[in-house]
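Written out below as structure tokens is the structure these notes cover.
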Amino acid sequence: MAASRLPPAALTLKQFMRRQQVLLLYRKILRAIRQVPSDSDRKYLQDWAREEFKRNKSATEEDTIRMMITQGNMQLKELERTLALANS
């Protein structure tokens with residue numbers, strides 16, 4: 001039997017797709033934060049987002065990751081609604 005060409009730490013397709021979802025959410029959150037008018041609030045939110053993602057970086061449980069993605073999307077929508085109200 002031939003040896004696998006993949007390195008031992010290669011991600012499965014499901015893990016790869018989850019990783020892409022997390023990165024997309026992170027980028028969307030940072031883009032939304034850029035629209036915050038106050039410099040101090042923007043800095044606080046950027047630090048908060050970075051810390052949250054760093055803190056949960058080692059999560060491996062599929063259900064936990066899905067739940068965190070769902071919560072992150074809800075927080076993103078809330079931030080976008082707040083920014084829309086502030087700009088109107």
Side-chain angles (χ1 to χ4, degrees):
M1 187 153 96
S4 174
R5 292 177 148 178
L6 295 175
L11 299 175
T12 65
L13 179 60
K14 186 181 269 188
Q15 290 170 329
F16 177 79
M17 297 300 289
R18 286 281 176 239
R19 183 174 188 274
Q20 295 307 309
Q21 284 181 311
V22 170
L23 291 174
L24 179 63
L25 175 61
Y26 183 68
R27 286 191 299 265
K28 283 181 178 179
I29 289 171
L30 290 182
R31 279 189 206 112
I33 289 172
R34 277 191 234 144
Q35 297 173 13
V36 173
S38 166
D39 286 342
S40 62
D41 290 343
R42 189 177 325 113
K43 175 75 171 122
Y44 171 79
L45 289 171
Q46 285 172 340
D47 291 344
W48 168 79
R50 285 189 182 112
E51 279 305 309
E52 283 296 307
F53 278 84
K54 277 184 190 177
R55 188 167 56 88
N56 295 306
K57 178 178 163 179
S58 61
T60 56
E61 193 70 34
E62 182 70 24
D63 291 337
T64 304
I65 295 170
R66 256 194 325 238
M67 180 201 57
M68 287 188 285
I69 290 170
T70 302
Q71 287 178 339
N73 280 316
M74 290 186 321
Q75 290 173 337
L76 173 61
K77 285 183 177 130
E78 182 63 32
L79 176 60
E80 289 170 340
R81 278 194 296 267
T82 304
L83 288 169
L85 285 172
N87 292 333
S88 61

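Being a predicted model, the structure only gives us computed values, none of them experimental.
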Which residue pairs satisfy the side chain to side chain donor-acceptor pair (under 3.5 Å) criterion with at least one member in residues 66-75, sequence neighbours excluded? D63-R66

Applying side-chain hydrogen bond (donor to acceptor under 3.5 Å, both in side chains), can you list everything that pairs with T12, at least two apart in sequence or on another chain? Q15

Taking all heavy atoms of [X] and all of [Y], pick out the closest pair and write down the distance.
{"X": "L83", "Y": "A32", "value": "CD1-O, 3.3 Å"}
{"X": "I33", "Y": "L45", "value": "CD1-O, 3.5 Å"}
{"X": "I29", "Y": "F53", "value": "CD1-CE1, 3.9 Å"}

Should L30 and L79 be counted in the same cluster of Ile, Leu, Val, Met, Phe, Trp and Tyr side chains packed under 4.5 Å apart? yes

Nearest-0.5 Å distance that lies between atom [atom1] in [X] and atom [atom2] in [Y]:
{"X": "K14", "Y": "I65", "atom1": "NZ", "atom2": "CD1", "answer": "11.0 Å"}
{"X": "R31", "Y": "K28", "atom1": "CZ", "atom2": "NZ", "answer": "8.5 Å"}
{"X": "D47", "Y": "E52", "atom1": "CG", "atom2": "CD", "answer": "12.0 Å"}
{"X": "W48", "Y": "R55", "atom1": "CH2", "atom2": "CZ", "answer": "9.5 Å"}

Is any side-chain heavy atom of [Y] closer than 4.5 Å to one of [X]?
{"X": "T82", "Y": "E78", "answer": "yes"}
{"X": "V36", "Y": "Y44", "answer": "no"}
{"X": "E62", "Y": "R18", "answer": "yes"}

Could you check whether K77 pairs with E80 (Lys NZ or Arg NE/NH1/NH2 to Asp/Glu carboxylate O, under 4.0 Å)? no

Under-4.0 Å salt bridge between K43 and D39: no

Heavy-atom count around M67 CE within 6.0 Å, excluding the residue itself: above 12? yes

Could you tell me whether the side chain of R42 and the main chain of Q35 form a donor-acceptor pair under 3.5 Å? no

